[in-house]
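A short worksheet on the structure shown next.
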Protein chains: 2
Amino acid sequence: MHMKISEAAAASGCHLETIRYYERVGLMPPPARTASGYRAYRPAEVERLRFISRGRELGFSLEEIRSLLRLEDDSKMSCGDVDAIARTHLADIHLRIDELQRMAMELERVIAQCAGGERECCTILHALRDTGIVSKRDVARCRV
Amino acid sequence: MHMKISEAAAASGCHLETIRYYERVGLMPPPARTASGYRAYRPAEVERLRFISRGRELGFSLEEIRSLLRLEDDSKMSCGDVDAIARTHLADIHLRIDELQRMAMELERVIAQCAGGERECCTILHALRDTGIVSKRDVARCRV
DNA sequence: GCTTGACTCTGTAGCTATTACGGACTTTAC
DNA sequence: GTAAAGTCCGTAATAGCTACAGAGTCAAGC
């Protein structure tokens with residue numbers, strides 16, 4: 001019935017250490033413990049872990065997932081709120097895609113120049129030294 | 001001639017504190033100092049900052065940029081190495097784009113279901129709880 | 001000469017979302 | 001009975017910054 005943490009990890013798709021982390025940051029409630037102190041997860045808690053895991057797969061931040069979980073726990077209807085979070089997140093993903101595509105295009109351009117050019121002069125290094133086509137520099141958020 | 005750190009920041013596109021960070025991690029050499037200890041950047045160093053900034057805009061990691069700078073500093077030709085770094089990085093960007101597009105498609109799917117469905121049942125939460133495919137059983141379970 | 005405000009200095013801590021470690025304990029398998 | 005595997009906790013590391021605090025410095029105005 002109850003699952004140990006490694007079983008919950010396997011069942012939910014969350015890494016074992018990540019589950020402890022989620023507990024530490026309050027995304028997961030402290031689970032019951034066995035007599036010897038091992039965590040014992042009930043099915044509902046494993047489901048909650050899966051909820052988080054799927055949210056992460058869709059790129060939601062932990063804070064977004066925290067909000068979604070609150071709405072989920074709240075029996076009052078809040079479909080509009082959920083929808084708003086999802087749409088905001090989707091817009092953010094599209095921004096990141098655009099940014100990465102901009103990078104890819106620019107990179108393809110300088111690589112193509114380099115491959116076609118003479119070997120004594122690296123156009124890629126030139127591009128980094130000289131050209132400044134790129135505008136926005138919120139690169140950190142572009143990591144998947 | 002020499003620039004103070006805020007001027008170098010403005011000229012290079014790097015945030016002021018980021019410049020100090022780059023120095024700390026060895027991406028920038030320790031600059032000359034004024035009598036009172038202020039950093040004084042020579043044009044070549046500002047250029048190096050701009051090089052880093054452009055590399056970041058193209059999504060290169062600091063370690064990749066470190067390699068590119070080594071190749072740049074090395075007067076021996078190494079266009080092939082530069083090209084390899086750039087191509088590897090480009091492939092990585094394409095992977096990230098694919099991943100984000102996968103997320104976006106999936107998210108669009110669940111959002112569309114939610115928007116098209118009745119207001120009393122949030123299919124987005126369903127999607128997160130279950131396998132990503134909302135079944136009729138799930139809808140039936142939905143409370144008013 | 002003095003004050004005010006803007007700038008810079010160092011060192012450290014915070015951020016996101018994990019992952020990895022060390023050393024102690026428990027459970028399981030043979 | 002012993003050895004291997006699992007679990008515990010707390011802490012530190014990762015990338016790439018950003019944000020302080022508290023001290024010192026510089027230029028302008030009066």
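Keep in mind the model is a prediction, meaning the values are calculated, not measured. Chain A is the first sequence line, chain B the second, and so forth, proteins listed ahead of strands; every chain is numbered from 1.
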Whole Å only: how far is the [atom1] atom of [X] from the [atom2] atom of [N]?
X: I52(A); N: dT18(C); atom1: CD1; atom2: P; answer: 10 Å
X: E23(B); N: dC17(D); atom1: CD; atom2: C1'; answer: 15 Å
X: Y22(A); N: dT18(C); atom1: OH; atom2: P; answer: 4 Å
X: H15(B); N: dA19(D); atom1: NE2; atom2: C1'; answer: 9 Å
X: R33(A); N: dC25(C); atom1: CZ; atom2: P; answer: 16 Å
X: E7(A); N: dG6(D); atom1: CD; atom2: C1'; answer: 11 Å
X: I19(B); N: dT10(C); atom1: CD1; atom2: P; answer: 13 Å

Quick one: which protein N/O atoms are closer than 3.5 Å to N/O atoms of nucleotides 12-16 of chain C? Pair and distance per line, please.
none

- Is E45(A) paired with R42(A) through a side-chain N to carboxylate O contact shorter than 4.0 Å? yes
- Task: May I ask you to decide whether R102(B) forms a salt bridge with D98(B), counting only side-chain N to carboxylate O separations under 4.0 Å?
- Result: no
- Query: Distance only, no hydrogens: is a donor on one side chain within 3.5 Å (strictly under) of an acceptor on the other, for E108(B) and H94(A)?
  - Reply: yes
Tell me, please, which residues at least two apart from [X] pass salt bridge (charged side-chain N to carboxylate O under 4.0 Å, His left out).
X: E63(B); answer: R66(B)
X: E7(B); answer: none
X: R39(B); answer: E23(B)
X: E17(A); answer: R20(A)

- Query: Tell me, do D73(A) and R48(A) make a side-chain contact under 4.5 Å, heavy atoms counted?
  - Reply: yes
- Message: Are the side chains of L62(A) and R56(A) in contact, using a 4.5 Å heavy-atom criterion?
- Response: yes
- Note on the structure: Readout for nucleotides 20-27 of chain D: B = base within 4.0 Å of protein heavy atom, S = sugar-phosphate only, - = neither; 5' to 3' it is B---BBS-
- Taking OP1 and OP2 of dT10(C), is either one under 4.0 Å from a side-chain nitrogen or oxygen of R39(B)? yes
- Query: OP1 or OP2 of dT8(C) less than 4.0 angstrom from a side-chain nitrogen or oxygen of S6(B), does that happen here?
  - Reply: yes
- Message: Using a heavy-atom cut-off of 4.0 Å across all strands, would you classify F60(A) as base, sugar-phosphate, or nothing?
- Response: nothing
